[in-house]
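Here is the structure we will look at, set down as C-alpha cells.
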Amino acid sequence: MDVLKQLLGRLHPLVVHLPIGFIMMGLLLQWYNRKKKEYDTVISLVYLWAGITATFACITGYLQYLGEGYAFETVKWHLWSGIATALFSFLMYAKLKGIQTLSFLLKLPILGLSIFFFILISFTGHQGGNITHGEEYLIEPLPNAIKSALGFENFEEKKIDLNEDNWQDALLFEDVIKPILNNKCASCHNPKKTKGELLLTTQEGILNGGENGAIIEASNAPESELYTRLILPMDDDDHMPPEGKTQPSKEEIQLVMAWIDAGNPFDKTIAESGLDKSLFLSFFPKKEDFDHPNIAIEAASDQQIKTIEASGVHIDQISNASNFLSTSCINKPDFTDSDFDMLMPIKNQISRLDLGNTKITDAVFSKLAQLPNLTILLLDNTAITGKNLQALTVLEHLKSINLTSTTLQTEHLKTIKDFKNLQFLYVHGTNATPENVKIANTNIKIDFGNYTLPAIPSDTIVY
C-alpha cells in the first residue's frame, strides 16, 4: 500500500499540468466567445474536465505530501488553493451550464468569475513553484534594489577578502564563514524568515540550531547537519541550499567543514584556528598574466602593418582589448639581422616576437633592446649563441625567452640574473644542463627539456 501511495504521489508533477491546461483553454475560449456566445457548452465541458483532473491532482499532491515528508507549513497554501481551484472549476461548469439549483451563481458576472479564476490558478501554480524551486526563485535574478522595492528581504553579497598579507590575521568566522552563510543560506534562514526554525545570521542562532535540533557537533563535521546537508546529492530533499538556489563552491564547503572540525570558533583568527593556507588560496586575488604589458598604448597605423606584412612577416593584434601586436617570421625563414629595421615603425606595439627558424645572429640583441614593451621572445632554431644577451636587461617587461635548439654557449647565461622580470628561459636542445647552468639568487624557471614519461601497464601490451 505504501508503494502505491508513493507511486501515485510522484505522479503529481505530471498530473498537475492537466487542470492548468484545461483552465487556460477554458479562459481563452471564453475570451474568444465573449460576443457570439456560441461555445458555452464546449467551455463548460472543458471546465468539468478541469475540475476532474484538478481533483486527481489534489489527491496525488496530498499523497506526495505524506510520502515525501514535506512540512505542512511548506505545502499548506498550495494544498488549500489547489482544492479551491478544483471546486471553482466545478462552479464555473455549473455557471455555464445554468444549473438552477445553484441560482446564486447565475447572478454573478462571468467576467468577474473568470478574472478571479485566473488569479486563483496563478496563485496555486506560484505556491507549487515555491515548493520545488524556493520562494524567491522568480525574483532571485533581479538586482537587490528591485527586490527591496518589491518588499523581499535581500542580502548584499559579501566577499571573502583574503590575500597573501592578511589571511593569517583574518577572523575565521567573521571574514570567511559568515560571508558564505550570508551569500548561500541567509535568504531562507534570517530574522524575517527562519525556515525550519533555523537562524544562520547570528552566532546564537547557529548554536541553537533548528526544529530538528543542533546543526553543529563540535569538532565533528561529518556528524554536523550544517556540513552534511551541503554534500547531499542535489536531488535529495534534505540537500541545502535547495535546488534552484545558488550553491556553495567546493572550496566554500571545505571551509565550512574545516571551521567545524576546528571547534567552530567565532572569535579566532585563521592562524589561531590552525588551518592550512591551501584552504584559502582560491580566495586570493588572481594575478593577471598577459603576453603584453598591462598598460595602454596607441595603435599602430594600418599602413605600417600592411607594409611590413607585404615582406612576409605576419602580424596579429594580441586581443581586442589591447593594441599590442604579436609579430612572427614563421613565413619568412630568410629573415636576417638587417631585416629587423622594417619592424621599427611598430617597435612600441610589439609585445610578442617570434624569430624562430630564421637567419638572425647575436647581432640582433642590440636591436631587440629597442622594443620597450617586448614580453615574449622566441629565438629557437637559430644561430644564436647568447653573446650580447645582456643587452636585453633594459627590457622591463620581458618575461620569457626561448633559446631552444640554438648554438647557445652556457657562459653567456650568467647575465640572466640581471633581468628585472624574466620568468622563463627555455634551453632544451642546447648544451645547457642543470649541472653547467647554476644561477644563484634568481627565481627564473629554466626549462632544460629531456622529459620522460612514466611507464604505464598498457605499454607492455602487444597488438
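For the numbers below, each heavy atom of this structure counts, side chains included, while hydrogens, waters and symmetry mates do not. When a residue number appears, it is its place in the shown sequence, counting from 1.
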Say whether, by atom type as modelled, one donor and one acceptor occur between the side chain of H189 and the main chain of L198 under 3.5 angstrom. yes
Output the distance between atom CG (N402) and atom CG (L378), rounded to the nearest 0.5 Å. 5.0 Å
Among all residues two or more places apart in sequence or in another chain, which pass the salt bridge (charged side-chain N to carboxylate O under 4.0 Å, His left out) test with R34? none
Checking the side chain of T201 only, and the main-chain atoms of L199 only, is there a donor and an acceptor separated by less than 3.5 Å? no
Here the gap from D354 atom CG to S326 atom OG, rounded to the nearest 0.5 Å, amounts to 7.5 Å
Tell me every residue that passes ring pair (Phe, Tyr, Trp, His ring centres under 6.0 Å) with F117, counting only those two or more places apart in sequence or in another chain. Y47, F88
Check: H239 side chain, L232 main-chain N or O, donor-acceptor pair, under 3.5 Å: yes
So, using side chain to side chain donor-acceptor pair (under 3.5 Å) as the criterion, who are the partners of T41 when residues are at least two apart? none
Here the gap from L377 atom CG to S351 atom OG, rounded to the nearest 0.5 Å, amounts to 11.0 Å
Partner residues of S89 under the side chain to side chain donor-acceptor pair (under 3.5 Å) criterion, sequence neighbours left out: none
Non-neighbouring partners of K178 that pass salt bridge (charged side-chain N to carboxylate O under 4.0 Å, His left out), sequence neighbours left out: E174
Spell out, as yes or no, whether a donor-acceptor pair under 3.5 Å connects the side chain of H78 to the backbone of G128. yes
Is it true that a side-chain atom of D316 and a backbone atom of I318 form a donor plus acceptor pair closer than 3.5 Å? no
Holding to salt bridge (charged side-chain N to carboxylate O under 4.0 Å, His left out), I want the full list of residues that pass it with E204, two or more places apart in sequence or in another chain. none
For W77 and Q127, which heavy atoms make the closest approach, and how far apart are they? CB-OE1, 3.6 Å
Can you tell me if Q247 uses its side chain to pair, donor with acceptor, with the backbone of K245 under 3.5 Å? yes
Does the E309 side chain pair with the main chain of I315, one donor and one acceptor, at a distance under 3.5 Å? yes
Between F424 and Y426, what is the ring plane arrangement, given parallel below 30°, perpendicular above 60°, and tilted in between? parallel
Pairs involving residues 244-263, ordered by first then second residue, that meet ring-ring contact (aromatic ring centres under 6.0 Å, His included) (sequence neighbours left out): F173-W259, W259-F266
Look up atom CG in L181 and atom CG in N190, then write down how far apart they are to the nearest 0.5 Å. 12.5 Å
Partners of L395 by side-chain contact (heavy atoms from CB on, under 4.5 Å), sequence neighbours excluded? L374, L392, L398
Sequence neighbours excluded, the answer for side-chain contact (heavy atoms from CB on, under 4.5 Å) partners of I20 is M24, I121
Main-chain N/O of E38 paired to N33 side chain as donor or acceptor, under 3.5 Å: yes
So, taking the atom named CD1 in I177 and the one named CG in N264, what distance separates them when rounded to the nearest 0.5 Å? 10.0 Å
Taking only residues two or more places apart in sequence or in another chain, which ones pass side-chain contact (heavy atoms from CB on, under 4.5 Å) with S405? N381
Those residues at least two apart in sequence (or on a different chain) that pass salt bridge (charged side-chain N to carboxylate O under 4.0 Å, His left out) with E396 are K420
From CE (M92) to OG1 (T85), nearest 0.5 Å: 12.0 Å
For residues 248-255, dump all side-chain donor-acceptor pairs below 3.5 Å to protein atoms at least two apart in sequence or in another chain.
{"from": "S249", "atom 1": "OG", "to": "E251", "atom 2": "OE1", "distance (Å)": "3.4"}
{"from": "S249", "atom 1": "OG", "to": "E252", "atom 2": "N", "distance (Å)": "3.2"}
{"from": "E252", "atom 1": "OE1", "to": "K184", "atom 2": "NZ", "distance (Å)": "3.2"}
{"from": "E252", "atom 1": "OE1", "to": "S249", "atom 2": "N", "distance (Å)": "2.9"}
{"from": "E252", "atom 1": "OE2", "to": "K184", "atom 2": "NZ", "distance (Å)": "3.4"}

Test your reading of the model: is there a side-chain donor-acceptor pair from D169 to the backbone of N166, 3.5 Å cut-off? no
Polar side-chain atom of N323 near backbone of I297 as donor-acceptor pair, under 3.5 Å: yes
